[in-house]
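Below is one structure, written out as structure tokens, with a few remarks after it.
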Amino acid sequence: MGLFKAATAGLGLAALTACGATNSYPGRTQVQFMSADQVTQRTYACLPGETERQTQSRASSAHRYVDGAIRSAGARLAAQSTGGFGSGLGLQAELNAEIAEISRQSEAEYRCVLVSSRNTSGPFG
């Protein structure tokens, strides 16, 4: 299970390079949450609500959706993997595409876009 979590987190980290940086979203509030895997920290840029509480509530809802969808996609794709380098590249490309769509859905529904995902374990966490 630890290897699966590390592989899914690593693939997710690579996928977010295309999502942009927080400073690409001026006027938005940056919000961070820890993933359900307790390893990955996800950062969102959210349009401010009428109150800080409203912004935090939308951000929390966005995180529940994004985190669950990414973890589900990672598990499904890992189960389909046949192993090997070529399979890993295909898996990463497919997960990247799914994460981009998940982020678009989060933006449309919650006005929060996923801007980074960082593995907090290991020597660089």
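Since the structure is predicted, the reported quantities are computational estimates derived from the model, not experimental observations.
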Not counting sequence neighbours, which residues clear side-chain hydrogen bond (donor to acceptor under 3.5 Å, both in side chains) with Gln38? List them please.
-> none

Under the side-chain hydrogen bond (donor to acceptor under 3.5 Å, both in side chains) rule, collect the residues that match up with Ser35, sequence neighbours excluded.
-> Asp37, Asp67

What pairs of residues pass the ring pair (Phe, Tyr, Trp, His ring centres under 6.0 Å) test when at least one of them lies in residues 49-69, not counting sequence neighbours?
-> Phe33-His63, Tyr44-His63

Under a 4.5 Å cut-off applied to non-hydrogen side-chain atoms, are Ile70 and Thr40 in contact?
-> no

Report yes if the side chains of Arg28 and Val115 come closer than 4.5 Å at any heavy-atom pair, otherwise no.
-> no

Return yes if some donor-acceptor pair links the side-chain N/O of Ser106 with the main-chain N/O of Cys112 below 3.5 Å, else return no.
-> yes

Check: Ser57 main-chain N/O paired with Ser61 side-chain donor or acceptor under 3.5 Å = yes

Give the cluster check for Leu77 versus Ile99: same hydrophobic cluster or not, with ILVMFWY residues linked at side-chain heavy-atom distances below 4.5 Å.
-> yes

Tell me, please, which residues at least two apart from Glu109 pass side chain to side chain contact (heavy atoms under 4.5 Å, CB included).
-> none

What are the two closest heavy atoms between [X] and [Y], and how far apart are they?
X     : Y      : result
Val39 : Ser121 : CG1-OG, 3.7 Å
Ala78 : Leu91  : N-CD1, 3.9 Å
Gly49 : Gln54  : CA-OE1, 3.1 Å
Leu95 : Ala73  : CD1-CB, 4.0 Å

Find the distance between OG1 (Thr43) and CG (Leu114) and round it off to the nearest 0.5 Å.
-> 8.0 Å

Could you state the interatomic distance from CZ (Arg42) to CE (Met34), rounded to the nearest 0.5 Å?
-> 10.5 Å

Can you list every salt bridge (Lys or Arg N to Asp or Glu O under 4.0 Å) pair that touches residues 93-104, not counting sequence neighbours?
-> Arg76-Glu98, Glu101-Arg104

Sequence neighbours excluded, every pair satisfying salt bridge (Lys or Arg N to Asp or Glu O under 4.0 Å) that has a member inside residues 54-64 | none

